[in-house]
Amino acid sequence: MEIIISEKTNASEIIALIKEAKPGSIIVCHSERMFSLTKIVVLKLKKSELSIHLIDEEGYVIRKVMARRKLSDSPVPAVPIAPEEAKPKDRLSATQMSAVRLLEDALRQCAQQKLLLVGFSDGLVAVPEHLGAGVDILSSTTAHEVEAHDVYRGFDPEYDEE
């Protein structure tokens, strides 16, 4: 059973949904706020065998917790909800995605300021949009070389890092 907790779901609705949830249910949240609230409700109701997933805007699980029943015979106390970060090696982490969003915001600001960013000679160069991206402009004193901290690399089909 999959239960969707939307941003518009209020606390009493979450309580009702969690009370009705069957063991093995997956609870899907699309915001950190609703994810945290759902975890609190699951703990307060002492529900077990539920999985709570925080999903990003692209549908990827970015955080997941499992509610499990405490084992009374266990010498080590069981934790009712143990976070498990979803960290596939082929995906960007949450902090990397945050950095990408900041970069996108900076590029949006460049567009608003009518700046061009041009890859030139293995670097990035910023020039006013109205000047264009000709070689004479990119190599002139008007062009400003952007410090890319060795993050930007121009693609070279003859070079493959593998």
Side-chain angles (χ1 to χ4, degrees), residues 1-11 13-14 17-18 24-44 50-68 78-162:
M1 173 181 206
E2 188 173 282
I3 300 168
I4 310 268
I5 306 291
S6 74
E7 191 62 34
K8 297 176 184 176
T9 309
N10 63 39
E13 291 172 325
I14 293 174
L17 288 167
I18 301 302
S25 294
I26 297 172
I27 302 158
V28 177
C29 303
H30 292 279
S31 74
E32 185 73 42
R33 182 176 157 269
M34 299 313 282
F35 182 78
S36 297
L37 182 59
T38 302
K39 284 192 322 186
I40 291 167
V41 170
V42 168
L43 282 172
K44 293 291 182 188
L50 298 177
S51 181
I52 307 168
H53 296 200
L54 177 59
I55 307 291
D56 68 9
E57 41 299 322
E58 295 174 359
Y60 290 103
V61 176
I62 55 176
R63 195 161 358 146
K64 176 175 98 172
V65 294
M66 281 289 298
R68 295 190 178 101
V79 178
I81 294 185
E84 300 170 7
E85 289 293 328
K87 293 184 181 179
K89 292 181 182 182
D90 295 338
R91 280 200 56 217
L92 296 175
S93 71
T95 54
Q96 288 171 326
M97 280 305 299
S98 177
V100 169
R101 286 188 190 100
L102 288 172
L103 176 61
E104 290 170 340
D105 289 342
L107 292 173
R108 189 175 305 110
Q109 189 172 5
C110 286
Q112 290 170 348
Q113 296 299 319
K114 301 204 182 303
L115 282 174
L116 287 179
L117 283 180
V118 181
F120 182 69
S121 183
D122 288 328
L124 282 174
V125 178
V127 293
E129 189 177 77
H130 72 277
L131 295 177
V135 173
D136 53 334
I137 296 296
L138 296 176
S139 56
S140 74
T141 57
T142 305
H144 177 80
E145 188 170 347
V146 177
E147 176 53 60
H149 303 279
D150 293 325
V151 173
Y152 174 81
R153 292 184 183 92
F155 178 72
D156 184 355
E158 293 181 19
Y159 179 72
D160 191 0
E161 289 187 330
E162 290 186 63

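The first residue in the sequence is number 1, and the count goes up from there. Worth knowing before you read on, the calculation uses all heavy atoms, side chains too, and leaves out hydrogens, waters and symmetry mates.
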inquiry  = With rounding to the nearest 0.5 angstrom, report the CD1 to NE2 distance, Ile62 to His53.
reply    = 12.0 Å

task = Nearest 0.5 Å please: distance from the CD atom of Glu13 over to the CD1 atom of Ile18.
result = 12.0 Å

query = Looking only at heavy atoms, which two atoms of Glu129 and Leu116 are closest? And how far apart?
reply = CA-CG, 3.8 Å

Spacing of CD1 belonging to Ile27 relative to CD1 belonging to Ile5, to within rounding of 0.5 Å = 6.5 Å

remark   = Ala143 and Val125 have their tightest heavy-atom pair at CB-CG1, 3.2 Å

query = If you round to the nearest 0.5 Å, how far is CG of Leu124 from CD of Glu145?
reply = 8.5 Å

key: Nearest heavy atoms of Tyr152 and Gly119, plus distance in Å   = OH-CA, 3.4 Å

inquiry  = Quick check for you: to the nearest 0.5 Å, what is the distance between Ile3 atom CD1 and Ile52 atom CD1?
reply    = 10.0 Å

task = Could you go through the side chain to side chain contact (heavy atoms under 4.5 Å, CB included) check for Ile55 and Val61 one step at a time?
result = CA-CA 5 Å; Ile55 307 291; Val61 176; 3.5 Å; yes

request  = Tell me yes or no: between the side chains of Thr9 and Ser6, is some donor less than 3.5 Å from an acceptor?
outcome  = yes

task = Output all residues satisfying side-chain hydrogen bond (donor to acceptor under 3.5 Å, both in side chains) with Gln112, sequence neighbours left out; order by chain, then residue number.
result = none

remark   = By side chain to side chain contact (heavy atoms under 4.5 Å, CB included), Asp150 pairs with (sequence neighbours left out) none

inquiry  = If the threshold is 4.0 Å, N to carboxylate O, is there a salt bridge linking Arg63 and Glu32?
reply    = yes

ask   = Which heavy atom in Gly132 sits nearest to a heavy atom in Val127, and how many Å separate them?
value = O-CG2, 3.5 Å

ask   = How long is the gap from CD1 on Ile14 to CE on Met34, to the nearest 0.5 Å?
value = 3.5 Å

Audit row: Val42, Lys39, side chain to side chain contact (heavy atoms under 4.5 Å, CB included) steps and yes/no = CA-CA 5 Å; Val42 168; Lys39 284 192 322 186; 5.8 Å; no

inquiry  = Quick test of your reading: applying salt bridge (charged side-chain N to carboxylate O under 4.0 Å, His left out), list the pairs with at least one residue in residues 92-106, sequence neighbours left out, ordered by first then second residue.
reply    = Glu57-Arg101, Asp105-Arg108

ask   = Counting only heavy atoms not in Gln96, do more than 12 fall under 6.0 Å of its CD?
value = yes

